[in-house]
*Asks:* 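One structure follows; several queries about it will come next.
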Amino acid sequence: MKRFESGSLIPGATWHAEAESEAEVVRRAVENLRTYHGETEIRPDMIDLIKERIVDVEDASAKPAKHPGKSTKH
C-alpha cells in the first residue's frame with residue numbers, strides 16, 4: 001500500500017491519498033489539486049514532489065482487527 005500525506009508538501013494540509021500503486025496515489029493527488037485547489041496545470045516538477053513523498057504503509061486490511069473493551073462472548 002502506498003500513501004501520500006499532503007502535509008509533507010504543504011505545511012498544515014491534512015488531506016492524504018492511499019492506494020495499491022504509486023500511479024493511483026499520484027492520480028488522486030492531482031485530482032485533489034484540480035478539484036479542491038483550482039489548479040488547471042499540474043507541472044511535472046509537482047508530480048516529482050508528490051512522488052518523492054509517497055511512502056509504503058502496511059495494508060490495514062491484511063491485519064486482524066483488534067477490538068479493545070469487553071468480550072461479546074457470554
Side-chain angles (χ1 to χ4, degrees):
M1 185 69 72
K2 307 289 185 183
R3 183 178 180 104
F4 167 71
E5 295 278 349
S6 61
S8 67
L9 184 59
I10 304 164
T14 59
W15 182 85
H16 69 273
E18 202 169 272
E20 289 295 326
S21 70
E22 179 180 277
E24 180 61 15
V25 170
V26 170
R27 187 196 69 74
R28 291 177 186 183
V30 167
E31 180 180 308
N32 179 270
L33 287 168
R34 288 187 173 134
T35 302
Y36 297 104
H37 300 283
E39 296 293 332
T40 56
E41 181 181 338
I42 309 299
R43 298 179 322 273
D45 61 320
M46 180 59 77
I47 300 295
D48 291 340
L49 291 172
I50 291 168
K51 286 181 177 180
E52 289 171 7
R53 289 161 174 81
I54 293 175
V55 297
D56 289 317
V57 295
E58 285 188 39
D59 185 353
S61 66
K63 296 191 286 185
K66 293 182 182 178
H67 300 285
K70 297 180 182 177
S71 172
T72 58
K73 293 183 181 180
H74 297 282

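Since the structure is predicted, the reported quantities are computational estimates derived from the model, not experimental observations. We use all heavy atoms of the structure for the numbers below, so side chains are in, but hydrogens, waters and symmetry mates are not.
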*Asks:* Ignoring hydrogens, what is the shortest heavy-atom contact between A17 and R28? Give both atom names and the distance.
*Replies:* CB-CB, 4.0 Å
*Asks:* Please assess R3 against V25 for the test side chain to side chain contact (heavy atoms under 4.5 Å, CB included), listing each intermediate value before the final yes or no.
*Replies:* CA-CA 7 Å; R3 183 178 180 104; V25 170; over 6 Å; no
*Asks:* Do V26 and F4 have side chains that get closer than 4.5 Å, going by heavy atoms?
*Replies:* no
*Asks:* Applying a strict under-4.5 Å side-chain criterion to I, L, V, M, F, W and Y, I'd like to know whether V55 and M46 cluster together.
*Replies:* no
*Asks:* Any side-chain heavy-atom pair from M1 and D56 closer than 4.5 angstrom?
*Replies:* no
*Asks:* I'd like to know if the side chain of S6 reaches the main chain of W15, judged simply by a donor and an acceptor atom lying under 3.5 Å from each other, with no hydrogens or angles considered.
*Replies:* yes
*Asks:* Taking 4.0 angstrom as the limit, do R34 and E31 come out as a salt bridge?
*Replies:* no
*Asks:* Do R43 and E41 sit within salt-bridge range, that is, some charged N less than 4.0 Å from a carboxylate O?
*Replies:* no
*Asks:* Under a 4.5 Å cut-off applied to non-hydrogen side-chain atoms, are E22 and K51 in contact?
*Replies:* yes
*Asks:* Return the CG to CD1 distance between L33 and I10, rounded to the nearest 0.5 Å.
*Replies:* 6.5 Å
*Asks:* Output the distance between atom CD (E39) and atom CG (N32), rounded to the nearest 0.5 Å.
*Replies:* 10.5 Å
*Asks:* Given side chains that start at C-beta, do those of V57 and E18 come closer than 4.5 Å, heavy atoms only?
*Replies:* yes
*Asks:* Which distance, rounded to the nearest 0.5 Å, do you find between the CD1 of I42 and the CD1 of I50?
*Replies:* 7.0 Å
*Asks:* Is there a donor-acceptor pair under 3.5 Å between the side chain of S8 and the backbone N or O of E5?
*Replies:* yes
